[in-house]
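Below is one structure, written out as structure tokens; comments come after it.
Just the heavy atoms: all of them, side chains too, but no hydrogens, waters or symmetry mates, feed the values below. A note on names: the letters A, B, ... follow the listed sequences, proteins ahead of strands, and every chain is numbered from 1.
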There are 2 protein chains.
Amino acid sequence: MHAHTAIAAQPTRVLPGPQATAMPMPRMTPSRPFAANDADPLAAIAQLRVFDREQAIFAEGETADAVFRVVDGMIRLYKLLPDGRRQIIGFLQAGDMVGLAFADRYLYSAEAITASTVQRVPRSQLDALLDSQPSLARRLLSVTTSELVAAQDQMLLLGRKSALEKLASFLLALSRRAGAGRAIALPMSRCDIADHLGLTTETVSRGFTKLKTSRLIRILDGGRVELLDAGALAELADCT
Amino acid sequence: MHAHTAIAAQPTRVLPGPQATAMPMPRMTPSRPFAANDADPLAAIAQLRVFDREQAIFAEGETADAVFRVVDGMIRLYKLLPDGRRQIIGFLQAGDMVGLAFADRYLYSAEAITASTVQRVPRSQLDALLDSQPSLARRLLSVTTSELVAAQDQMLLLGRKSALEKLASFLLALSRRAGAGRAIALPMSRCDIADHLGLTTETVSRGFTKLKTSRLIRILDGGRVELLDAGALAELADCT
DNA sequence: CGCGTGATTGAGGTCGGTCAAACACTGTGG
DNA sequence: CCACAGTGTTTGACCGACCTCAATCACGCG
């Protein structure tokens, strides 16, 4: 079935932090509330780390000694059942945070899909920062809350949508995150998409060809997809 | 298919708040961090409201002008697709919070399953409280984070588990919340359970009879269920 | 008692999974 | 430049878990 193998957990190289001015700021959306002209206390204490394609960042069950924020690239978060079935909890892009579960162990695994740069903030330093800067907690609350909203949408998708509806919803969600432009990057494999939508690789592939022959999407080079009729896709996705 | 009808949105009666000493305190778990001997700033400004069985508390799309905390009873949160398909996001019990999505509109509906008592905290007052009492944000962050953890478990369930595995996981999760004692209350209907697990009423019913004939559970009076072999259920649930 | 609602059971259909083969792409070595 | 292997995607044929439709059952209530 799935292999789900990833290479060693050590980052390719660790850049010395802090380097507050060098790193790109997350976009200004409700879910990523650190605006460019806003002080970013996390950046000051974060280490920058670079991970290769398919490299593990942390694994479910490991001691959760740090939180991460994605600067560049794409990360998958997933949970496994003992027999190997995998559910991808989410795909993270620039600005997203990982590991904000205040448990002593990570409750899911994280792997880089593309070569990725992340900020790493040790848990102890985050706690200290939360003490010295109370407004940070409200920001993190806001971030976590919008993650929760996304999770609830995903529950509706997983529990109640058909294969084609799931695929349309997925493409639209990616498109909304990417912002303007009808072409979106799909660096993840069909298997990743399947494990995110509760389907199989084959069903995802059939869905893509159906959307292609219906002239709703077009496959571009480099694994990019152009949404030819976002309205029809939204109709298919049954709103959301 | 489903009816999903609920009666008027007005609470049966509104009790004058605050009445800090009269209301039961949530239990001491990581997800409900307001311990009994701990100051509870929310209780001080909350209005107590009582809702009848099957009564709506708020609906998806309404202006989100308040957050709620359940004092007693059971609440269902759900999202609907335009054609009426329903996904129950969660069942809330004493101590759980609702409406903590910092959007201007509720993103799901809430209805009382049993007669329920909830604390109602207007959004504006909550904001003020967050300003005057920064530690509250960290508590809410902790609450929201554990809701997110539960949501991720539910994604794994919805995306990757079989009908029987879903049912076993559901019963175990309820049992863990209820704490000691192998009997758990199931005030919600088979249809509610189905809409929570991404199944149909019939499949849930068949699952219950299969668990009964396998001597893993026993149905007691009053819609209560006794877990006869939690170990075997956990095995079935494929961990989690 | 008769009715209404929800739960259970049964029979049959279907969407998506499983298994398998063909295809496409990429890099590697001759 | 091609041959080839290796990996991931697509397509096909078949199957089964779950859904659909429908009848029966159980329980509470006027």
Considering non-hydrogen atoms only, spot the tightest contact between A:L172 and A:A237 and give its length. CD1-CB, 4.0 Å
Do any of residues 204-214 of chain A sit with a heavy atom less than 4.0 Å from DNA chain C, and if so which? A:R206
Between C1' on D:dA17 and CZ on B:R160, what's the gap in Å once rounded to a whole number? 15 Å
For A:R85 and C:dG17, give me the distance from atom CZ to atom C1', rounded to whole Å. 13 Å
Test B:L81 against A:K161 for side-chain contact (heavy atoms from CB on, under 4.5 Å), laying out the working first. CA-CA 9 Å; B:L81 288 173; A:K161 289 188 181 178; 3.7 Å; yes
Whole angstroms only, please: what is the CD-C1' distance between B:E202 and C:dT14? 15 Å
Has A:D153 got a side-chain atom pairing as donor or acceptor with A:M155's backbone, closer than 3.5 angstrom? no
In whole angstrom, what separates A:R53's CZ from D:dT7's C1'? 10 Å
Below 4.0 Å: OP1/OP2 of D:dC18 and any side-chain N or O of B:T200: no
Between P on C:dA24 and CG on A:D221, what's the gap in Å once rounded to a whole number? 17 Å
Between the protein and nucleotides 27-30 of chain D, are there any N/O to N/O pairs under 3.5 Å, and if so, what are the atom names and distances?
none

Under 3.5 Å, is there a donor-acceptor pair between the side chain of B:S214 and the main chain of B:K210? yes
Under 3.5 Å, is there a donor-acceptor pair between the A:E111 and A:Y78 side chains? yes
Is there a side-chain contact between B:L167 and B:L211 (heavy atoms, below 4.5 Å)? yes
Parallel, tilted or perpendicular, as decided by the 30° and 60° cut-offs, for the rings of A:Y106 and A:F58: parallel
Under 3.5 Å, is there a donor-acceptor pair between the A:S109 and A:K79 side chains? no
With sugar-phosphate meaning primed atoms plus P, OP1 and OP2, does B:G198 contact a base, only sugar-phosphate, or nothing at under 4.0 Å between heavy atoms? sugar-phosphate
How close or far is atom C1' of C:dT14 from atom CG of A:L164, stated in whole angstroms? 16 Å
To the nearest angstrom, how far is B:E165 atom CD from D:dA17 atom P? 12 Å
Going by side-chain contact (heavy atoms from CB on, under 4.5 Å), A:L216 matches just one of A:L236, A:L164, A:L227. Which one? A:L236
Whole Å only: how far is the CD1 atom of B:I219 from the C1' atom of D:dA26? 14 Å
